[in-house]
Amino acid sequence: NIIPMPLSNKETKKALDNSTKDGLYTSALDSIVNTFTTPFALFLGATDVGIGLVNSIPKFFSYILQPIAGRQIEFSGSRKKICINYTLLARLSLIFLTVLPFIVFHENIFLFAAILSFYGLAANFAGTAWASWVADFVPENIRGRYFGKRNMISGFSAFLVTLISGWILGFTNGPLGFSIIFSMAVLFGVISIYYLRKIPEPEFEVS
């Protein structure tokens, strides 16, 4: 049997604090990507079919490849490494969205869907590794209380960033607004990875 070794009290506190900060910035990023996907697609001139593609294709690829993510984690020596590497790939792909509003050609919506598909796929792989990793550093007796607090902070962050992003779009009224808010998403993503890297991964022993 493979048994995770518990972290010390100091390591556990550090892991929980950094996980909360990661959740804050990840929720800020997700609020931009999830809330403004359809408005951005409309700005790019998407038809009803295009809106459907943008909202369905990324999820489709993420779901059907979920078993591959689980299998990769089983054969990997580090869930933390998988989580951080795929998280980095996902967030870096959003850089393309910061320049897409200024590119004018009729395949824009398909490029947008392709970028979101890659983002969703990489984020899904990272999320699968994170779910396995977090189960080992959050003590079972405080999980409910901890995730309740973490979700509350993350929810407030998402709400605030959504309001700010909407104000930016209304104030700029053009491609610059979308470029700014997706640049914010990239920044939030990089900050969240900084805190992810500070979370220790419990060692394992074979019994």
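Scope of the values below: all heavy atoms of this structure, side chains included, with no hydrogens, waters or symmetry mates.
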Is a side-chain donor-acceptor pair under 3.5 Å present for T128 with R79?
no
Are the aromatic rings of F178 and F36 close, with centres under 6.0 Å apart?
no
Any residue meeting side chain to side chain donor-acceptor pair (under 3.5 Å) with K13, in chain and number order, not counting sequence neighbours:
D17
May I ask whether F112 and F110 are part of the same hydrophobic cluster, defined by side-chain heavy atoms of I, L, V, M, F, W, Y residues being less than 4.5 angstrom apart, directly or through others?
yes
Is a side-chain donor or acceptor of N18 paired with a backbone partner of K14 at a separation under 3.5 angstrom?
yes
What I'd like to find out is whether the side chain of L94 reaches to under 4.5 Å of the side chain of L29, using heavy atoms alone.
yes
Is the side chain of T98 donor-acceptor paired with the backbone N or O of I95 at a distance under 3.5 Å, no angle test?
yes
Could you state whether V49 and L42 fall into the same hydrophobic cluster, counting links through intermediate Ile, Leu, Val, Met, Phe, Trp or Tyr residues with side-chain heavy atoms under 4.5 angstrom apart?
no
Should T38 and V54 count as side-chain neighbours, where that means a heavy-atom distance under 4.5 Å?
no
Looking at Y119 and A90, what are the two nearest heavy atoms and their distance?
CD1-O, 3.1 Å
Sub-3.5 Å donor-acceptor pair from the side chain of S31 to the main-chain atoms of A28, do we have one?
yes
Under 3.5 Å, side chain of N85 to main-chain N/O of K81, donor-acceptor pair present?
yes
Residue set satisfying side chain to side chain donor-acceptor pair (under 3.5 Å) with Y146, at least two apart, ordered chain then number -> S19, T20
Could you tell me whether the side chain of K80 and the main chain of R197 form a donor-acceptor pair under 3.5 Å?
yes
Could you tell me whether a side-chain N or O of R91 sits under 3.5 Å from a main-chain N or O of V186, the two making a donor and an acceptor?
no
Atom pairs and distances, side-chain donor-acceptor, residues 154-165, under 3.5 Å, sequence neighbours left out:
| from | atom 1 | to | atom 2 | distance (Å) |
| --- | --- | --- | --- | --- |
| S154 | OG | G23 | O | 3.3 |
| S154 | OG | R150 | O | 2.9 |
| S157 | OG | L24 | O | 2.8 |
| T162 | OG1 | A158 | O | 2.7 |
| S165 | OG | V161 | O | 2.8 |

